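This report concerns only the one structure given below.
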There are 2 protein chains.
Amino acid sequence: MLERVETGNAAAGGAASSTGAAAPVVGPIARRPLHEEAVDRLRSAIVQGELAPGIRLNERVLSERLGISRTPLREAVKLLATEGLVELLPNRGAIVAPVDAERLAQTLAVMGALEALIGELACAQASESDIAAIRALHYEMMAAHARRDLAAYFAHNQAIHLALVEAGGNAVLAHTYRQLNANVRRVRYMANLSPARWDAAVREHEEILAALTARDGVRLKALLSDHLAHKTAAVLAALQDGAAREAA
Amino acid sequence: MLERVETGNAAAGGAASSTGAAAPVVGPIARRPLHEEAVDRLRSAIVQGELAPGIRLNERVLSERLGISRTPLREAVKLLATEGLVELLPNRGAIVAPVDAERLAQTLAVMGALEALIGELACAQASESDIAAIRALHYEMMAAHARRDLAAYFAHNQAIHLALVEAGGNAVLAHTYRQLNANVRRVRYMANLSPARWDAAVREHEEILAALTARDGVRLKALLSDHLAHKTAAVLAALQDGAAREAA
DNA sequence: TCTCCTGATTTTGTATGCAGAATACAAAAA
DNA sequence: TTTTTGTATTCTGCATACAAAATCAGGAGA
């Protein structure tokens, strides 16, 4: 967990050896900044619960683990703080942000407001190949569901929702959505959903795909909103549940 | 412009000398981190156009001007990059993000989606004193309009919209809204609005206040959406205008 | 035993140093 | 004159050094 970074920036284009084929001449591989690497690393560690809510992020320890110095690490931590994944304690460093039901509910409410725009834009702007890609993801997700493979299901589910927002062609919307979503995913990983809710979610996805295919924006908006509302209920319930179990 | 920081963190509460009066004991004033100071400084400099779009942010120069070292400054710049106010060029530092009509339109679309939630929450959650405060701001704005004092008008206008979103009690929503808004404000500063649009905006604000007072969420939602749509049109038009004038 | 102080240690926040990349400049070639 | 190539300088990205704040350990006193 949290392996060293090993500056994996090896020449992406590789030696375009041999014949001077119509190779696009790769271009000089911009090395990825370490702070970005650190952001990604830490974000996924937090989202996947590898770094539990509330634990302190000791700079020295983390910088050793990631194999980078404190400077880019601190930059990364501050970025994650704006995403709400970590909390900055003045003069006392940072902790992984505790999961707060109130805040989570607020986040989901904002995402709900965005769903309307997402549905509208997706229907209006998605290319046929965008839709085809989403359909492919949908069936892969169905397969995961049939297999009761929760991890794969989540992964494809995420991919679908991201593809939907991307298809709308509004980069700001996509960025905002992603950022909010990070906090929700964290809880998702913690909470298994009930079989009933799982089945219902899959049915909802069927309808979502149908509406998108028909490019029925009004309907897609409504479906996405409902879908999120159900998800909200499930997530908050799971959270309550977890808290209760904790207390026992 | 961009005066040194002078660590204005002087004991905020001042010496709580003399009698142990019921002073709220200020607490040992947590010194404000320099990177935060830098963020605020740079953000307002950019929003107010003091740092023009496209110009390079030379680290050495900036750190000297602000009187802080490069480390916290770099942290600040990276934070502003996530807000979209600056653009990071790998190995070549950062520039003030160019104003891009496309991106601005996308930002405004997202804000539009949020307006619905803002209106709903404000009507449902605002306290009477919240509403009173907004009303006070409203009249101050009206005064500024009567005086044709554009700067004061903008300031109060901003304050009203922020108060509205704050009154809803959803901190995540407020945070998201603020962030998106920074990019719009920048253009606002650049573009004077036409007298006709100004008058119309004021009338819209009258209706907004009325709907809030009546706690008519449905109506407030619609009004805020329309208001933003008009603003969007005005802002984009002003932007076109500016570009055209530039070309001439 | 508990509380409160005091000094040592850890940890953060900030500044500075260093290597490599990018740019600017100047001379040579076309 | 224009383009190209080699060199010097500037700047960024990262690491490290240093100072201030916080935490911890131990002991004195109640």
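Worth knowing before you read on, the calculation uses all heavy atoms, side chains too, and leaves out hydrogens, waters and symmetry mates. Order of the sequence lines sets the chain letters (A, B, ...), proteins ahead of strands, with each chain counted from 1. Please read these numbers as outputs of a predicted model, since none were measured by experiment.
- Here Arg74(A) reaches the OP1 or OP2 of dG13(C): one of its side-chain N or O atoms lies under 4.0 Å away.
- Residue Ser69(B) places none of its side-chain N or O atoms closer than 4.0 Å to OP1 or OP2 of dT14(C).
- Between the side chain of Arg92(B) and the base of dG13(D), no donor-acceptor pair of N or O atoms lies under 3.5 Å.
- For Glu75(B) and dT12(D), the CD to P distance is 16 Å, given to the nearest whole Å.
- Between Asp100(A) and Glu102(A), the closest side-chain pair of non-hydrogen atoms falls below 4.5 Å.
- Distance alone, capped at 3.5 Å, is enough to place a donor-acceptor pair between the His156(B) side chain and the Ala152(B) backbone.
- Residue Glu37(A) contributes atom CD, which lies 11 Å from atom P of dC14(D) at whole-angstrom precision.
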**Item:** Step-by-step side-chain contact (heavy atoms from CB on, under 4.5 Å) determination, Arg188(B) to Asn157(B)
**Value:** CA-CA 11 Å; Arg188(B) 267 268 172 113; Asn157(B) 189 326; 4.2 Å; yes

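- Atom CD in Glu59(B) sits roughly 13 Å away from atom C1' in dA21(C) (whole-Å rounding).
- Among the atoms of the strands shown, only primed sugar atoms or phosphate atoms (P, OP1, OP2) are found under 4.0 Å from some heavy atom of Leu57(A).
- At a threshold of 4.0 angstrom between heavy atoms, the contacts of Leu88(A) with the nucleic acid are absent.
- The side chain of Arg56(A) contributes an N or O atom lying less than 4.0 Å from OP1 or OP2 of dT12(C).
- Put simply, CG on Leu73(A) is 12 Å from C1' on dC14(D), counting in whole angstrom units.
- In this structure, Ile95(B) atom CD1 and dA22(C) atom P are separated by 16 Å, rounded to whole Å.
- In this structure, Leu34(A) places its CG atom 14 Å from P of dG20(C), rounding to the nearest Å.
- In this structure, the nucleotide among dT14(C), dT12(C), dC14(D) sitting nearest to the side chain of Pro72(A) is dC14(D).
- With rounding to whole Å, Arg32(B) atom CZ is found 16 Å from dT14(C) atom C1'.
- Here the nucleotide nearest the side chain of Thr71(A), chosen from dC14(D), dT12(C), dA22(C), is dC14(D).
- Between the CG atom of Leu108(B) and the CZ atom of Arg103(B) there is a distance of 11.5 Å, given to the nearest 0.5 Å.
- A salt bridge between Arg178(A) and Glu166(A) is present, with a side-chain N of the basic residue lying under 4.0 Å from a carboxylate O of the acidic one.
- Between Asn58(A) and dT11(C) there is a side-chain polar atom (N or O) within less than 4.0 angstrom of OP1 or OP2.
- Atom NE2 of His35(B) and atom P of dG13(C) are 8 Å apart (whole Å).
- Residue Arg70(A) places no side-chain N or O under 4.0 Å from the OP1 or OP2 atom of dG13(C).
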